[in-house]
**Q** 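Please see the structure below; I have some questions.
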Amino acid sequence: MPRQWALAAAFQVLAVFGVLACGVDAALVRLVHSSLPPAWNDFFGAVSEIANATVLSVATLCAYGGSRVAQAWPATRRWLPWLGHVKQTSLLMLLTLLIGGIITLTLKHVVARARPSMLIELGYYGFAAPFAGAPFNSFPSSHAFTAFAAGCVLASALPTWRRPLLVLAAIPGICRVLTLEHFPSDVLASASIASGCVRFLAPRLRGPFSRNRT
């Protein structure tokens, strides 16, 4: 399993950088800029703000703490047997947001990719020196990572809802492209980071939780 996970993660990373190398990003951003009326920016920007890492982290922390407290009461454990599942899922969410968030933030500063606004306003499509700061912090997208982290974790917990959950997770990332905040490959990279974290963490958390229930 670890070897298969590593190969899948490597393939995703290569695919993202393949898109970068082909210059597809620039063409798509120019197409969005020429086709989409500026009046839509506020709407798409508001939709993308749904993927707020702080709000999601606080809500997940409350769910984790509440499930732990509730499980301390035998009557609650008997009447609400799904509390253990909530605790496991919320812990997976917290760890994914923490580890993936660190990876995303590190890449933002190290890669130092120019935002699409630099391409539209100045014709610049490229990178700066590491830690150059805004607007050289496009890759990857933090909003898209947060959305895909939530989608992948919930899809892991509710496999029958996997497809609709991942479709919903993609919406904030698409909106970040439509508002010219990110390139498509920024969003793809975020999806890869979120998916990779969940694939790595989920099997390792299921083992301890399974043993605790026996």
Side-chain angles (χ1 to χ4, degrees), residues 1-16 19 47-71 76-104 140-177 184-214:
M1 181 63 70
R3 183 178 180 181
Q4 292 177 346
W5 174 85
L7 289 174
F11 176 78
Q12 290 173 340
V13 171
L14 289 174
V16 168
V19 172
V47 173
S48 70
E49 288 300 323
I50 294 174
N52 187 298
T54 301
V55 173
L56 180 60
S57 298
V58 171
T60 306
L61 189 60
C62 290
Y64 179 71
S67 62
R68 285 190 65 92
V69 171
Q71 274 200 314
T76 308
R77 290 200 305 270
R78 184 170 62 252
W79 289 104
L80 301 175
W82 42 264
L83 281 174
H85 198 54
V86 172
K87 182 169 68 173
Q88 178 185 2
T89 302
S90 57
L91 180 59
L92 176 59
M93 184 81 77
L94 287 171
L95 291 175
T96 299
L97 290 173
L98 175 63
I99 296 173
I102 292 173
I103 294 172
T104 299
S141 167
S142 297
H143 285 79
F145 163 73
T146 301
F148 278 110
C152 290
V153 169
L154 292 176
S156 175
L158 304 167
T160 56
W161 291 84
R162 179 179 181 83
R163 290 185 180 179
L165 285 169
L166 294 180
V167 169
L168 289 174
I171 292 175
I174 294 172
C175 288
R176 298 302 282 176
V177 175
S185 60
D186 300 337
V187 174
L188 290 176
S190 300
S192 297
I193 294 170
S195 175
C197 287
V198 173
R199 288 178 184 177
F200 179 79
L201 292 169
R204 288 160 175 78
L205 289 179
R206 289 193 187 104
F209 273 88
S210 299
R211 288 193 292 271
N212 289 340
R213 287 197 292 268
T214 58

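We number each residue from 1, following the sequence as shown.
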**Q** Report yes or no: does Ser190 contribute a side-chain atom to a donor-acceptor pair with the main-chain N or O of Ser141 at less than 3.5 Å?
**A**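 Side chain of Ser190 to backbone of Ser141: a pair is present.
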
**Q** Pick one: which of Ile193, Thr96, Val187, Leu188 meets side-chain contact (heavy atoms from CB on, under 4.5 Å) with Phe148?
**A**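 When side-chain contact (heavy atoms from CB on, under 4.5 Å) is applied between Phe148 and each of Ile193, Thr96, Val187, Leu188, only Val187 qualifies.
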
**Q** Looking at Val86 and Ala63, what are the two nearest heavy atoms and their distance?
**A**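 In terms of heavy atoms, the two residues are closest at CG1-O, 4.2 Å.
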
**Q** If I take atom SG from residue Cys197 and atom CD1 from residue Ile103, how far apart are they, to the nearest 0.5 angstrom?
**A**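 Cys197 SG to Ile103 CD1: 4.5 Å, rounded to 0.5 Å.
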
**Q** Within this structure, what is the CG-CG distance for the pair Leu97 and Leu56, rounded to the nearest 0.5 Å?
**A**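 The CG atom of Leu97 sits 5.0 Å away from the CG atom of Leu56.
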
**Q** How far apart are the closest heavy atoms of Ser48 and His143, and which atoms are they?
**A**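 Taking Ser48 first and His143 second, the nearest heavy atoms are O-CD2, 3.4 Å.
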
**Q** Identify the two heavy atoms, one from Met93 and one from Ala150, that lie closest to each other, and give their separation to 0.1 Å.
**A**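 Shortest heavy-atom separation between Met93 and Ala150 comes out as SD-CA, 3.7 Å.
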
**Q** Quick check for you: to the nearest 0.5 Å, what is the distance between Cys152 atom SG and Leu92 atom CG?
**A**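 Nearest 0.5 Å value for the SG-CG distance: 10.0 Å.
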
**Q** Would you mind reporting whether Thr89 and Val153 have side-chain heavy atoms less than 4.5 Å apart?
**A**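 Yes; the side chains approach each other to less than 4.5 Å.
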
**Q** For a 4.5 angstrom cut-off between non-hydrogen side-chain atoms, does Leu205 reach Leu95?
**A**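 Contact flag for Leu205/Leu95 side chains = yes.
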
**Q** State the CG-CZ distance between Leu154 and Arg162, to the nearest 0.5 angstrom.
**A**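 The CZ atom of Arg162 is 11.5 Å from CG of Leu154, to the nearest 0.5 Å.
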
**Q** Which value, rounded to the nearest 0.5 Å, describes the distance between Glu49 atom CD and Thr146 atom OG1?
**A**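 Glu49 atom CD to Thr146 atom OG1 measures 10.0 Å (nearest 0.5 Å).
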
**Q** Would you find a donor on one side and an acceptor on the other, under 3.5 Å apart, between the side chain of Thr104 and the backbone of Gly100?
**A**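 Such a contact is found between Thr104 side chain and Gly100 backbone.
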
**Q** Specify the closest pair of heavy atoms between Ala155 and Leu165, including all atoms of both residues, with the distance to one decimal.
**A**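 Taking every non-hydrogen atom into account, N-CD1, 3.7 Å.
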
**Q** Distance check, rounded to the nearest 0.5 Å: Arg204 atom CZ versus Arg199 atom CZ?
**A**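 Output value for this atom pair is 13.0 Å.
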
**Q** Between Leu94 and Leu61, is any pair of side-chain heavy atoms under 4.5 Å apart?
**A**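 SC-SC contact between Leu94 and Leu61 confirmed.
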
**Q** Using the side chain to side chain donor-acceptor pair (under 3.5 Å) rule, collect all pairs that involve residues 148-161, keeping only residues at least two apart or in two chains.
**A**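 Qualifying pairs: Ser156-Arg206.
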
